[in-house]
Amino acid sequence: MNIFRLTGDLSHLAAIIILLLKIWKTRSCAGISGKSQILFALVFTTRYLDLFSSFISLYNTVMKVIYIMCAYATVYLIYGKFKATYDGNHDTFRVEFLLIPVVLLAVLINHAFAPMEILWTFSIYLESVAILPQLFMISKTGEAETITTHYLFFLGLYRTLYLFNWIWRFYFEGFFDLIAVVAGLVQTILYCDFFYLYITKVLKGKKLSLPA
Amino acid sequence: LGQRSTKDEL
């Protein structure tokens, strides 16, 4: 464990909690892409199947359980409890255009052609593009609630910190995982546009609004 | 593509 991975995980946890609290407190999921949340639930489900088969550490197990529970709770709030506030008209990204390439890539490019390994690879590739429906929805509505931008900031920051974690592990531990690094780079690059808007607008107290 | 080294990561 290193400082980048720890702060990365805490940033990820913060993002997940911020979103859950936003929906719960405002009793509304306006501006939130349910499709992205379903994809994240799928990412955690396919990545943490080893939750019961291999014990790495208490921290690892506890965090995995929290991520999975929060992911499904968020999906439930969006499509169940607060369905009336779900903005389906703007959440129209065609997720099959993500799932099909990701499945093909996971089957073709992986560390080992074994079920658990392919599921993990699928989860890594899917996570790198899972935010696209959310970013697409914001570009369609032309704006985002400030709390939603904080959610996105911490979510983007987490994988950015993981990139530093992988540099650290390569340098100090000789570890290198090309699949995780490349997917993590793609994931972080997708946030660049948002990071720019977040830093130049939201941090200056303005509302995040895109030139529609 | 080498061995997956990030088994302990979330």
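Values reported hereafter were calculated over all heavy atoms of this structure, with side chains retained and with hydrogens, waters and symmetry mates removed. The shown structure was predicted, so the numbers you read here are calculated from the model rather than taken from an experiment. Numbers restart at 1 for each chain; the letters A, B, ... are given by sequence-line order, proteins then strands.
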Mark yes when over 12 heavy atoms from residues, nucleotides or ligands other than Tyr79(A) sit less than 6.0 Å from its OH; otherwise mark no. yes

Under a 4.5 Å heavy-atom criterion, the part of residues 64-74 of chain A in contact with chain B comprises Lys64(A), Tyr67(A)

Listed by number, the residues in residues 1-37 of chain A that come under 4.5 Å of chain B (heavy atom to heavy atom) are Arg5(A), Asp9(A)

Are Arg169(A) and Glu9(B) close enough for a salt bridge, meaning some N to O gap below 4.0 Å? yes

Do Tyr162(A) and Leu10(B) pass the side-chain contact (heavy atoms from CB on, under 4.5 Å) test, and can you show the C-alpha distance, the side-chain angles, and the key distance before you say yes or no? CA-CA 10 Å; Tyr162(A) 255 69; Leu10(B) 289 176; 3.9 Å; yes

Are more than 12 heavy atoms from other residues, nucleotides or ligands located less than 6.0 Å from atom CZ of Phe170(A)? no

Over 12 foreign heavy atoms within 6.0 Å of CZ, Phe55(A): yes

Donor-acceptor under 3.5 Å (Asp8(B) side chain, Ile56(A) main chain): no

Any chance CZ of Phe172(A) has more than 12 other-residue heavy atoms, nucleotides or ligands included, within less than 6.0 Å? yes

